[in-house]
Amino acid sequence: MSEIQVMDLNIMHTIASGQPLTFHAEYDSGAGIVKYNNGTQLVMIEQRAARTKVRIEARDQNQAAIEFSKRFRLSDNMKKIYSAINTDAFMDSAISNYGGMRLTLNDPWETTVCFILSQYNNLKRIRRIVLELKERYGEASTDGSIAFPKPERIKAASEAELKDCGMGFRARYIKSAAEMCTENIDLHALTGKGYDNVKSNLMEICGVGEKVADCIALMGYGELEAFPIDVWVKRTMEKVYFKGREKKIDKLMDFAEEKWGKNRGYAQQYIFWNGMNVVKR
DNA sequence: ACCCAGGCGGGCG
DNA sequence: CGCCCGCATGGG
């Protein structure tokens, strides 16, 4: 057992907010406990009521603490980021509602799968599909928890078997993504190559368009310039900044770059989550 | 019953 | 180019 000091971190909001980690971590909001397999082992993180200390339990404490710190982006200076994205009353309320919500930095392959599954879908069902994939194809760690399945394992499954996990028409994309990522492109090699480069390479994958590529760039590679625009972000931005008038994606992208600059990926996460849960339709 | 979901690829004008 | 359509599935 070890404790680490954290600032501007709210695990509850982070875990709830529709990111890859969300889709397989178990979270007990009453106890303030998250459990997830970090790729090699089971990790338990406890944070009571947005406190500044979290407790970590894992077989290999050191590895768990390092991975946790990276995955929850603890080295981000949130004071600076908030001052960059708190540009108006709407952003101010979003930050006040969900302060401490972090972007997470996830495995690129896992992120790719999660966001291919996200298209024309909803959070609840994405989560179920991801859990199903893990149960069927995931690899058990020695502590019994299950790691997200590697592309080799997904590739070995038939499209019909994948469809059986409830993913519908996305099975074709998942299957071909697994093939590409084992044969044609090395996802890990894209790390640190820069936003434009990462994004254009990701879009080579069938089933990965602009929005999904932005999600992967943001949450799988930590490219904070990525600004994924889904139906909620679009709706919310139109309502808040354009008097409810419809705007094209490109227009909204330019607006975001202008308004929130290099940290616009963080702005997007707050717009998305506050838009979906508070502004609603 | 009907509409929608963290969109995308393909086809058409 | 831009626009429009179908797509599997489950929940509101």
Side-chain angles (χ1 to χ4, degrees), chain A residues 13-25 94 98 101-106 108 110-133 136 157-181 199-221 223-224 226-240 246-254 256 264-281:
Chain A
H13 295 327
T14 306
I15 283 298
S17 67
Q19 301 186 237
L21 183 64
T22 302
F23 299 133
H24 73 268
Y98 295 108
M101 177 172 66
R102 299 280 186 142
L103 283 169
T104 55
L105 182 58
N106 306 272
E110 178 182 335
T111 309
T112 300
V113 172
C114 287
F115 282 106
I116 287 175
L117 293 176
S118 79
Q119 64 180 84
Y120 199 45
N121 209 343
N122 59 67
L123 292 181
K124 187 176 232 174
R125 208 161 77 89
I126 298 164
R127 178 171 158 79
R128 242 205 19 252
I129 299 166
V130 170
L131 289 174
E132 198 63 40
L133 272 179
R136 297 194 189 200
S158 72
E159 191 180 319
E161 285 167 346
L162 291 172
K163 206 166 189 175
D164 220 38
C165 297
M167 67 179 75
F169 66 91
R170 306 165 194 84
R172 183 167 68 83
Y173 299 147
I174 295 294
K175 171 92 171 159
S176 92
E179 287 166 357
M180 275 206 74
C181 294
K199 181 172 175 177
S200 60
N201 275 282
L202 289 169
M203 288 178 71
E204 297 295 310
I205 301 170
C206 182
V208 176
E210 177 159 46
K211 189 270 175 182
V212 168
D214 270 327
C215 283
I216 304 168
L218 186 60
M219 297 171 218
Y221 292 90
E223 298 289 352
L224 299 186
F227 190 85
I229 301 180
D230 72 318
V231 289
W232 293 102
V233 171
K234 184 167 187 293
R235 249 193 318 250
T236 305
M237 287 179 74
E238 286 167 349
K239 188 172 291 188
V240 173
E246 219 174 303
K247 294 291 164 189
K248 310 233 172 173
I249 299 289
D250 288 349
K251 173 90 179 173
L252 296 175
M253 297 264 244
D254 291 345
R264 56 192 184 275
Y266 257 106
Q268 182 273 165
Q269 188 62 23
Y270 279 85
I271 295 166
F272 168 66
W273 201 234
N274 198 60
M276 175 189 277
N277 294 305
V278 180
V279 181
K280 306 185 184 198
R281 301 180 56 86

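Per chain, numbering begins at 1; letters A, B, ... match sequence-line order.
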CD1 of Ile126(A) versus C1' of dG11(C): gap in Å, rounded?
13 Å
Rounded to the Å, how far apart are Glu159(A) CD and dC7(C) C1'?
13 Å
Tell me the interatomic distance from Lys163(A), atom NZ, to dA8(C), atom P, rounded to whole angstroms.
5 Å
Can you see if the side chain of Arg281(A) gets near the phosphate of dG12(C) - specifically, an N or O under 4.0 Å from OP1 or OP2?
no
Given the rule that a pair is Watson-Crick or G-U wobble with both distances under 3.5 Å, how would you write DNA chain B in dot-bracket, using | for pairs to a different strand?
.||||.|||||||
Send over the distance from Phe115(A) CZ to dA5(B) C1', rounded to a whole Å.
14 Å
Taking CD1 from Ile174(A) and C1' from dA8(C), how many angstroms apart are they, rounded to a whole number?
14 Å
State which residues pass salt bridge (charged side-chain N to carboxylate O under 4.0 Å, His left out) with Lys234(A); sequence neighbours excluded, sorted by chain then number.
Glu238(A), Glu246(A)
Could you tell me how far apart Met167(A) (CE) and dA5(B) (P) are, to the nearest whole angstrom?
21 Å
Side chain to side chain donor-acceptor pair (under 3.5 Å) partners of Gln19(A), counting only residues at least two apart:
Ser17(A), Thr104(A)
Which heavy atom of Met219(A) sits nearest to which heavy atom of Thr111(A), and what is that distance?
O-OG1, 3.8 Å
Rounded to the nearest angstrom, tell me the gap between atom CD in Glu246(A) and atom P in dG2(C).
15 Å
What's the gap between dA8(C) and dG10(B) when it is taken at their P atoms, as a whole Å value?
14 Å
Shortest non-hydrogen pair, Cys181(A) vs Ile205(A), comes out as SG-CD1, 4.1 Å
For DNA chain C, whose closest nucleotide is more 5', that of Lys124(A) or that of Asp250(A)?
Asp250(A)
Could you check whether Lys248(A) gets within reach of a base, just the sugar-phosphate, or nothing at all, counting any heavy atom under 4.0 Å?
sugar-phosphate
What residues form a side chain to side chain donor-acceptor pair (under 3.5 Å) with Glu204(A), not counting sequence neighbours?
none
Identify every side-chain donor-acceptor pair in residues 274-281 of chain A under 3.5 Å, counting partners at least two apart or on other chains, and give the distances.
residue	atom	partner	partner atom	Å
Asn274(A)	OD1	Asn97(A)	ND2	2.9
Asn277(A)	ND2	Trp273(A)	O	3.0

Of all heavy-atom pairs between Pro228(A) and Leu218(A), which one has the smallest distance, and what is that distance?
CD-CD2, 4.0 Å
Just call it for Arg128(A): base, sugar-phosphate, or nothing, with non-hydrogen atoms closer than 4.0 Å on any strand.
sugar-phosphate
Over all strands shown, is Ser17(A) touching base, sugar-phosphate only, or nothing at heavy-atom distances under 4.0 angstrom?
base
Give the B/S/- string for nucleotides 7-13 of chain B, one per nucleotide from 5' to 3', where a protein heavy atom under 4.0 Å of the base yields B, of only the sugar-phosphate yields S, and otherwise -.
BSS----
Would you say Arg102(A) and Gln269(A) make side-chain contact, with heavy atoms under 4.5 Å?
no
How many Å lie between NZ on Lys280(A) and C1' on dC4(B), as a whole number?
16 Å
